[in-house]
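Here, residue 1 is the first one in the sequence, and each next residue gets the next number. Computed from heavy atoms alone, side chains included, the values below leave out hydrogens, waters and symmetry copies.
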Amino acid sequence: MADLGVGEIIAIAGLVATAASTAASVDAQRKTAGYQASVETENQKKATFAAADAIHRGQIEEDAARTRTRMLVGEQSAAFAASGVELGSGSPASVTADTAMFGELDALTIRSNAQREAWGYKSQAEEFARKKRLTLSSARNDTGATLLTGGSRALNQYSTGLQSGVFN
């Protein structure tokens, strides 16, 4: 094996440094993308949980609204009965029917609001999933470009070394 000259040693060191720099860059890109993807996954889980929580809270509030309505109708009926008014027809029946109808409208509005809130959280969860896919896809593209650039740089250094006679 021939002894290496200073120029050859420097050229080889440059090739090794280029390879090491490329490898470190690729590793950093992969780690960054992995971290960002895990953040997006956690955000997606939180948004999905928030959507389920919104529906659950809505159901509780809807049930409570119906309970309040039943209680109000009962209080109205008791007040009419205590006044000696017949409950089955006329104004008392109309008042309690209206109370029940508006109470049901309130309950359905609560349900609708909870569903809209949940839809917003579900949309966020889908956006986090899209961001995760984009992050991972971009990372693959970026690492591929880094490998190509590093390889091109190393090939250029080797070619320059051949032309200058360092590797002859």
Under a 4.5 Å cut-off applied to non-hydrogen side-chain atoms, are Tyr121 and Gln124 in contact?
yes
Donor-acceptor under 3.5 Å (Thr143 side chain, Ala139 main chain):
yes
Do Asn43 and Glu40 have side chains that get closer than 4.5 Å, going by heavy atoms?
yes
Do Thr32 and Tyr35 come close enough that some side-chain heavy atom pair is under 4.5 Å?
no
Could you check Thr96 against Glu75 for side chain to side chain contact (heavy atoms under 4.5 Å, CB included), going step by step and ending with a plain yes or no?
CA-CA 10 Å; Thr96 56; Glu75 289 171 5; over 6 Å; no
d(Asp53 CG, Glu117 CD) to nearest 0.5 Å is 8.0 Å
From NZ (Lys131) to CG (Leu136), nearest 0.5 Å:
14.0 Å
Could you report the tightest heavy-atom contact between Ile110 and Gly58, atom names first, then the distance?
CG2-O, 3.6 Å
Looking only at non-hydrogen atoms, find the nearest pair between Ser123 and Arg130 and report the distance.
O-NH2, 4.5 Å
Report the distance from atom CG of Asp106 to atom CE of Met101, rounding to the nearest 0.5 Å.
10.5 Å
Look at the side chain of Ser21 and the backbone N and O of Ala17, then say whether any donor-acceptor pair between them is shorter than 3.5 Å.
no
Taking atom CD of Glu127 and atom CG of Leu134, what is their separation to the nearest 0.5 Å?
9.5 Å
Tell me whether Ser137 contacts the main-chain N or O of Arg133 through its side chain, where contact means a donor paired with an acceptor under 3.5 Å.
no
Is the closest basic N to carboxylate O distance between Lys122 and Glu126 below 4.0 Å?
no
Of all heavy-atom pairs linking Ala125 and Thr48, the shortest is CB-OG1, 3.5 Å
Arg70 side, atom CZ; Arg68 side, atom CZ - distance, nearest 0.5 Å:
11.0 Å
Indicate yes or no: at least one non-hydrogen side-chain atom of Glu104 is less than 4.5 angstrom from one of Thr69.
no
Heavy-atom pair of closest approach, residues Ala100 and Val73
N-CG2, 4.0 Å
Can you tell me how far the CG atom of Asp142 sits from the OG1 atom of Thr135, to the nearest 0.5 Å?
10.5 Å
Arg30, CZ: over 12 other non-hydrogen atoms inside 6.0 angstrom
no
